[in-house]
2 protein chains.
Amino acid sequence: MLSFSEENHLKSIFHLSIDQKNGVSTNAIAESLKTKAPSVTDMLKKLCDKELITYKKYQGALLTEYGRKTALNIIRKHRLWEVFLVEKLNFNWSEVHEVAEQLEHIKSQKLTNELDKFLGYPTKDPHGDPIPNIAGFIKYTTKVLLSDLSIGEKGKFVGVKDSSSAFLKFLDKRKIALGSNIEILHIEDFDDSLHIGLDETNLSISIKSANNIYVTKI
Amino acid sequence: MLSFSEENHLKSIFHLSIDQKNGVSTNAIAESLKTKAPSVTDMLKKLCDKELITYKKYQGALLTEYGRKTALNIIRKHRLWEVFLVEKLNFNWSEVHEVAEQLEHIKSQKLTNELDKFLGYPTKDPHGDPIPNIAGFIKYTTKVLLSDLSIGEKGKFVGVKDSSSAFLKFLDKRKIALGSNIEILHIEDFDDSLHIGLDETNLSISIKSANNIYVTKI
DNA sequence: AAATATTTTTAGATTAACCTAAAAATATCG
DNA sequence: CGATATTTTTAGGTTAATCTAAAAATATTT
Ligand SMILES: [Mn+2]
Ligand SMILES: [Mn+2]
Ligand SMILES: [Mn+2]
Ligand SMILES: [Mn+2]
């Protein structure tokens, strides 16, 4: 039975492994978990003993297949709970992450799988992130940053890169919601801000925002 | 923010306080939490510092009003989650306790209250125990043990005293479910076993079983 | 009320999960 | 490539939550 801390380290290593060939660095993990490097080193030794990661001193951490499956199960739970909170309990997408961070550690296979069934086997969480299935299979969608589109190109808003509460609330205020259709109308030379068509309206957003919005080209 | 262990101690003290005038004993708490007395003594000091209980050496523990409210909130969450698991996720009443022991520690007022709303503000959990409302008010029903009824008396099954998985499964097997109407037909002199009318059928149960079944007289 | 039994607390140890400071290894740069 | 900077590990310490063994307080029994 893994502790919350062990589970959080695994999850962190998983997320930091995306587009990372070599091992995940101690410092990166420490930063993502808001702890210090020596704490991470201790934990890496423990996870290595438990065969959840491979780890050699100074070489960073890599998930084993068993570790990967374990991490995916935690992420599966996190995202299923986020769906539950939004779909059934009237939470806003900006409020769910904190609670899901707690719920993801509940240990009950039956709970996870019945929740999945109850929700109708959702494939995406409220932020557009894919939900691993019971076997740990994850279906990735091809997506690009809004800032990668050129003038005249159109995309559908399918996810956020920064899923901080602040950014999500900002999107709510601008009525930019998952599923919105976005067209690049103009890019300002001066500050790289984008003038976009959003469904039936037009508005301007900063390059920083555009760097955190994922779209599929249409 | 209370730790899981602090919350479990509070809950234990609450349950052991029912029909108990003087303080709850160290040993009773230790037994209920499957820890040892010295661990409990340590925790009582801490809970006393936090003003959740009053505690004087050798005199046992008593909840303060603040401690009582806190305990009731944990019990409220436990029982709401049990309802959720049975009503929405196809759990049997014999499977929910263990998972609810985990879920009761999730910290989110909004989650608890939205869950309550989602479930239609239930007043009883799957074992017939009352669910405290948001204000910590608990509505007790007058109930007696089945073994307290005399021959010819009738009662409605409204709760279990022993809510162990084993006993609940035993009741399932006998088709004794909450809401069943029970009449005492005969009491065996030899071993005190009870011959009962259960809805449309008859069967025999041991005195031990009858000592763990709560009914309201009808 | 004294002797005995039981309960509770204290003393001191252990483990997990963190930390800071310093040493060691690796990476970068002139 | 050697000097310097950065990263990572080691060493050693802290806190929370547990434990065992022993001492102290309370309760029960003769
Ligand atoms: Mn999240
Ligand atoms: Mn999410
Ligand atoms: Mn329960
Ligand atoms: Mn219950």
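Residue numbers start from 1 in every chain, and the chains themselves are labelled A, B, ... in the order their sequence lines are given, proteins ahead of strands. Below, each value reflects all heavy atoms present in this structure, side chains not excepted, and no hydrogens, waters or symmetry copies.
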Thr26(A) side-chain N/O to dT9(D) phosphate OP1/OP2 under 4.0 Å: yes
What is the separation between atom CG on Leu47(A) and atom C1' on dA16(C), rounded to the nearest whole Å? 13 Å
Go through the structure and list residues passing salt bridge (charged side-chain N to carboxylate O under 4.0 Å, His left out) with Glu153(B), not counting sequence neighbours. Lys217(B)
When the distance from CD of Glu31(B) to P of dT6(C) is rounded to whole Å, what number comes out? 16 Å
Whole-Å distance separating the CZ atom of Phe4(A) from the C1' atom of dC18(C): 17 Å
Residues two or more places apart in sequence or in another chain: which of them pass salt bridge (charged side-chain N to carboxylate O under 4.0 Å, His left out) with Lys117(B)? Glu114(B)
Counting only heavy atoms and a strict 4.0 angstrom limit, can you tell me which residues of residues 32-40 of chain A come near DNA chain D? Ala37(A), Pro38(A)
Could you tell me how far apart Asp42(A) (CG) and dA11(D) (C1') are, to the nearest whole angstrom? 11 Å
Expressed as a whole number of angstroms, how long is the span from Leu2(B):CG to dA16(D):P? 13 Å
Below 30° counts as parallel, above 60° as perpendicular, anything between as tilted: where do the rings of Phe118(B) and Phe118(A) land? perpendicular
At under 4.0 Å, does any side-chain N or O of Ser5(A) touch on OP1 or OP2 of dC18(C)? yes
Among residues two or more places apart or on two chains, list those pairs meeting side chain to side chain donor-acceptor pair (under 3.5 Å) that have a residue in residues 61-76 of chain A. Arg76(A)-Asn113(A), Arg76(A)-Asp116(A)
Suppose we screen for side chain to side chain contact (heavy atoms under 4.5 Å, CB included). Which residues come up paired with Phe190(B), at least two apart in sequence or across chains? Glu188(B)
Can you sort out the partners of Lys110(B) under salt bridge (charged side-chain N to carboxylate O under 4.0 Å, His left out), two or more places apart, ordered by chain and number? Glu95(A)
For Tyr55(A), answer base if it contacts any base atom (sugar-phosphate contacts may also be present), sugar-phosphate if it contacts only those atoms, and nothing otherwise; contact means non-hydrogen atoms under 4.0 Å. sugar-phosphate
Polar pairs (N or O, both sides) under 3.5 Å between protein and nucleotides 24-27 of chain D?
{"from": "dA25(D)", "atom 1": "O4'", "to": "Tyr58(B)", "atom 2": "OH", "distance (Å)": "3.3"}

Going by side chain to side chain contact (heavy atoms under 4.5 Å, CB included), name the residues that satisfy it together with Val99(B), two or more places apart in sequence or in a different chain. Ile106(A), Ser108(A), Leu111(A), Leu85(B), Phe91(B), Leu103(B)
OP1 or OP2 of dT6(C) versus the side-chain N and O atoms of Asn27(B): is any pair under 4.0 Å? no
Measure CD/Glu6(B) against P/dA16(D) and give the value in whole Å, please. 9 Å
Whole angstroms only, please: what is the NZ-P distance between Lys45(A) and dA16(C)? 14 Å
Identify, with sequence neighbours excluded, every residue that meets ring pair (Phe, Tyr, Trp, His ring centres under 6.0 Å) alongside His127(B). none
Ring-plane angle category for Phe170(B) and Phe167(B), please: parallel below 30°, perpendicular beyond 60°, tilted otherwise. parallel
